[in-house]
A.B. asks: 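Dumping the structure here so I can ask a few things about it.
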Amino acid sequence: MRWTQTFIPTLKEVPADAEVPSHQLMLRSGMIRQLMAGAYTFMPLGYRVIRKVSEIVREEMDRAGGVELFMPALQPMDLFERTGRREAFGNVLFNFETKRGHFALGPTHEEVITDLVSREIKTYKQLPITLYQIQTKFRNEERPRFGVLRTSEFLMKDAYSFATSLEQLNVQYDAMYNAYCRIFERCGLAYIPVEAESGPIGGDASHEFMAPADNGEDFVVRCKDCGYAANQERADTGRASAVPAKVDGAAEPNQVDTPNAGSIDDVSKMLKTDPSTFIKTLIYVADDKPVAVLVRGDHEANEGKVRRALKATNVELADEATIVKVTGAPVGFAGPVGIQCPFIADHDVAGIASAITGANAKDAHLIGVIPGTHFELTETHDLRNAAADDPCPKCAAKLEIVHGIEIGHVFKLGTKYSESLDANYLDREEKKHPIIMGCYGIGVSRVVASIVETCHDENGIIWPMNVAPYTVALIPLNVKDEDTMTAATKIYDELTAAGVDVLMDDRDQRPGFKFKDADLIGLPVRVIIGGKGLKEGNAEIKLRTDAEATKIPIGDAVAHVRGLIANA
RNA sequence: CGGGGCGUAGCUCAGCCUGGCUAGAGCGCUGCGUUUGGGACGCAGAAGUCGCAUGUUCGAAUCAUGUCGCCCCGACCA
């Protein structure tokens, strides 16, 4: 492609609306333009990357036994009613009514594919099967952000597996998991597979693939020693239960006035103490019964862990009325001493020798509360989010926390959708069973943004070879010089004939201008033709990551470039 | 949906606090000429309902109220 024949509007200055690197660079390099919040046009350069990533995804899905199809984005609302996801999605689901009925724009396709399978799959002989598509998804994000990393409309590869047994499902799941690893590797994207909040089947039923990035919205907990990695929501800690001995003859706690200081922050400032000496008392409602959850003041309670510790099916933070009823005080002054409901405590609560807690009275806290002495403590649980330096649950080395962008998710669904949508098969004995499903997603547009987010320097993008919009930037220094253009065009034609994607910058601009743009759009190989080099009979060739170009005789330039590509 | 910020030329921004000439700069764009190894230079030019509405005022880009849009933090995110 010749630059003057395509449409790559680069920007010299950073647009004011863009904050994160991928957003800035994708705008500046002319890859994307915004239509409105959360909706972007992929410009020719950006769309080429989308296509390259999509093609890698297709190849690996096919290799893993997937079969591609294409489903409607326009879906009947009725399907979401039947699976109960109309309510689960809530406002995230774009939906609208017309004379013909009530429709949704697909946020994902479990409903549509399960409905399809319920009609077409009848016997165990048709299973197992894995179907996938690459399609636009619609989610009415409350707050789209970070350019193309989080949008209301985005491109996703979604795959669904159907099986007759957990063994079959596990084979399909592993095939997808391995395919995902290959996809991200081929895309040149660093990734961490992490254990994610598990689904209805439990165990290792869900993994997320995270691209480590400073601007990632997710937190990954990982162990550098043994490789354990999990989403912070999910991560266990290797801490042990510790029950403190009762202290005989301990002084009673002192009640102190803390007017209008209902948060740990306020109180710790007022009393000039560290939040780690506080016991945070959160009132939850677990299966309709109030229960207090105690964690150290500088820790965050984890709802999933609370649910599991209580063996409850549903856990949520209590409303204000419940809190007043249980503590006798407004929100912010709860404490374990004298509270009118059961409570459970995190392991680290036991380690506080003398704690500050709410006094269960308005504008008052207790100091000098000794766990196990001033309130009963016979067992402790893992109830909080893992934090840096916690012991690894597998090997006890220190955990670290890194930010990540979720780029893929594999999930053992079980029979949730097949049951609600009647997707069954008949076994050998003609007995009917719900089909066992898995689902597997990759955010294709988010993968593209993640690559930019992680592969750039101060001058621009640094494309990995396999996903670069073009592989070679061919720069004739002076398009008005006949010798230069003759030599450049020859190389352009030969590379193109060899199947190499070349972008020739044939704009009538000064060299410096073109070099800046070449760095910005970040093609992996740069070939410069003209000037002193051409007089010596050389082309100057360098990788985007090289500091200096190598002089190669013009006649060997094409072979040299092909060698660079082959060895990448 | 709560909190904060910003809307002035295609882009980046100044002017607004303290209302007053014909609304500015740099970059970009058009034409001509010179130039050609890291975002050139000269000359000439085009381009703005100052987001929108209402109000205050003799007079509003500037003050007030409302509204829309965008960005950031938080809540939310099968």
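Values reported hereafter were calculated over all heavy atoms of this structure, with side chains retained and with hydrogens, waters and symmetry mates removed. Here is the naming used below: chain letters follow the sequence lines, and residue numbers restart at 1 for every chain. What you are looking at is a predicted structure, and each value in this text was computed from that prediction instead of being measured.
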A.B. asks: Between B/C52 and B/C11, how far apart are the two C1' atoms, rounded to whole Å?
C.D. replies: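 One C1' to the other, the span is 23 Å.
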A.B. asks: Using both distances under 3.5 Å as the test, list the Watson-Crick or G-U wobble partner of B/A44, or none.
C.D. replies: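 Partner of B/A44: B/U30.
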A.B. asks: Kindly indicate whether a cation-pi arrangement holds for A/R2 with A/Y492, taking the cut-offs as under 6.0 Å to the six-membered ring centre and within 45° of the axis.
C.D. replies: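 Judged by the rule (NZ or CZ under 6.0 Å from the ring centre, within 45° of its axis), A/R2 counts as positioned above A/Y492.
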A.B. asks: Nearest to the A/R145 side chain among B/C70, B/C73, B/A78, which nucleotide is it?
C.D. replies: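 Side chain of A/R145 sits closest to B/C73.
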A.B. asks: Pick the P atom in B/G51 and in B/C17, then give their distance to the nearest Å.
C.D. replies: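 The same atom, P, in both gives a distance of 15 Å.
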A.B. asks: Establish whether the base of B/G69 is bridged to the side chain of A/Q34 by a donor-acceptor pair shorter than 3.5 Å.
C.D. replies: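 By the distance-only test, no, there is no pair.
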A.B. asks: Separation of A/E19 atom CD from B/G4 atom C1', in whole Å?
C.D. replies: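 From A/E19 CD to B/G4 C1': 13 Å.
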A.B. asks: In the strands shown, is B/G2 matched to any nucleotide by a Watson-Crick or G-U wobble pair with both distances under 3.5 Å, and which?
C.D. replies: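 Per the H-bond distance test, B/C73.
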A.B. asks: Tell me whether A/D519 is salt-bridged to A/R526, with the criterion being a basic N under 4.0 Å from an acidic carboxylate O.
C.D. replies: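 Yes, charged N to carboxylate O under 4.0 Å.
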A.B. asks: Out of B/U12, B/C71, B/C73, which has the shortest distance to the side chain of A/Y40?
C.D. replies: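 The closest nucleotide is B/C71.
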A.B. asks: Counting only Watson-Crick or G-U wobble pairs whose two distances fall under 3.5 Å, which nucleotide matches B/C21?
C.D. replies: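 Paired with no nucleotide.
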A.B. asks: Could you measure between the two P atoms, the one in B/C50 and the one in B/U22, and give it in whole Å?
C.D. replies: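 One P to the other, the span is 15 Å.
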A.B. asks: Under a 4.0 Å N-O cut-off, is there an ion pair linking A/E208 with A/R234?
C.D. replies: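 Between A/R234 and A/E208 there is no salt bridge, as every charged N stays at least 4.0 Å from the carboxylate O atoms.
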A.B. asks: Taking the P atom in each of B/C41 and B/G28, what is the distance between them to the nearest angstrom?
C.D. replies: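 My reading of the P atoms in B/C41 and B/G28 gives 8 Å.
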A.B. asks: What is the base-pairing partner of B/C63, counting Watson-Crick and G-U wobble geometry with both distances under 3.5 Å?
C.D. replies: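 Partner of B/C63: B/G55.
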A.B. asks: Testing the 3.5 Å rule here: is there a donor-acceptor pair between the side chains of A/R85 and A/Y417?
C.D. replies: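 The answer is yes; a qualifying pair exists.
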A.B. asks: Between B/U65 and B/C70, how far apart are the two P atoms, rounded to whole Å?
C.D. replies: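 About 23 Å, rounded to a whole number of Å.
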A.B. asks: Is there a donor-acceptor pair closer than 3.5 Å between any side-chain N or O of A/N95 and the backbone N or O of A/L93?
C.D. replies: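 Yes, the answer is positive, given that a donor and an acceptor are paired below the 3.5 Å cut-off.
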A.B. asks: Going 5' to 3' along nucleotides 34-44 of chain B, which nucleotides have protein heavy atoms under 4.0 Å from the base (write B), which only from the sugar-phosphate (write S), and which from neither (write -)?
C.D. replies: -BBBBBB----
A.B. asks: Pair A/L27, A/D17 - check side-chain contact (heavy atoms from CB on, under 4.5 Å), show working.
C.D. replies: CA-CA 10 Å; A/L27 284 168; A/D17 282 348; 5.9 Å; no
A.B. asks: Could you give the CG-to-C1' distance, from A/L35 to B/C71, as a whole number of Å?
C.D. replies: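 Interatomic distance, CG of A/L35 to C1' of B/C71: 17 Å.
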A.B. asks: Report yes if the distance between the aromatic ring centroids of A/F219 and A/H403 is under 6.0 Å, otherwise no.
C.D. replies: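 Centroid separation for A/F219 and A/H403: below 6.0 Å.
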A.B. asks: Ion pair present between A/D346 and A/K305, side-chain N to carboxylate O less than 4.0 angstrom?
C.D. replies: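 No, no charged N to carboxylate O under 4.0 Å.
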A.B. asks: Taking for each residue the nucleotide of RNA chain B bearing the nearest heavy atom, is the 5' side occupied by A/F89 or by A/M36?
C.D. replies: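 Nearer the 5' end of the strand: A/M36.
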A.B. asks: If I take atom CD in residue A/E111 and atom P in nucleotide B/A78, what distance separates them, rounded to the nearest angstrom?
C.D. replies: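 Between P of B/A78 and CD of A/E111: 14 Å.
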A.B. asks: Calculate the interatomic distance between A/E13 atom CD and B/G28 atom P; express it in whole Å.
C.D. replies: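 So the CD-P distance, A/E13 to B/G28, works out to 10 Å.
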A.B. asks: Select base, sugar-phosphate, or nothing to describe what A/F146 touches, counting heavy atoms under 4.0 Å on all strands.
C.D. replies: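 Result for A/F146 = sugar-phosphate.
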A.B. asks: Between B/A75 atom C1' and A/E316 atom CD, what is the distance in whole Å?
C.D. replies: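 Atom-to-atom, A/E316 to B/A75, this comes out as 15 Å.
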A.B. asks: If we call it a pair only when both distances are under 3.5 Å in a Watson-Crick or G-U wobble match, what pairs with B/U35?
C.D. replies: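 Across all strands, not a single nucleotide pairs with B/U35.
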A.B. asks: Between A/E217 and A/R145, is the closest basic N to carboxylate O distance under 4.0 Å?
C.D. replies: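 Judged by the 4.0 Å cut-off on N to carboxylate O distance, A/R145 and A/E217 do form a salt bridge.
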A.B. asks: Return the value, rounded to whole Å, for the distance between atom CG of A/L27 and atom C1' of B/U12.
C.D. replies: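 For the pair A/L27 CG and B/U12 C1', the rounded distance is 14 Å.
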A.B. asks: Using the C1' atoms only, state how far B/A40 lies from B/U35, rounded to an integer number of Å.
C.D. replies: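 Pairwise C1' distance, B/U35 against B/A40, rounds to 7 Å.
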A.B. asks: Counting the atoms with a prime plus P, OP1 and OP2 as sugar-phosphate, which does A/P9 contact under 4.0 Å by heavy atoms, base, sugar-phosphate, or nothing?
C.D. replies: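 Result for A/P9 = nothing.
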A.B. asks: Using the P atoms only, state how far B/C72 lies from B/C27, rounded to an integer number of Å.
C.D. replies: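 The same atom, P, in both gives a distance of 30 Å.
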A.B. asks: Let me know the distance between CZ of A/R33 and P of B/C11, rounded to the nearest Å.
C.D. replies: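 Rounding to the nearest Å, CZ of A/R33 and P of B/C11 are 10 Å apart.
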A.B. asks: May I ask you to say what A/A16 touches in the nucleic acid, namely base, sugar-phosphate or nothing, with a heavy-atom cut-off under 4.0 Å?
C.D. replies: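 Here A/A16 touches the backbone only, sparing every base.
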A.B. asks: Atom CG of A/D17 to atom C1' of B/G51: distance rounded to whole Å?
C.D. replies: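 It is 14 Å, rounded to the nearest whole Å.
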A.B. asks: Write down the distance separating the P atoms in B/G5 and B/C32, rounded off to the nearest Å.
C.D. replies: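 Approximately 49 Å lies between the P atom of B/G5 and that of B/C32.
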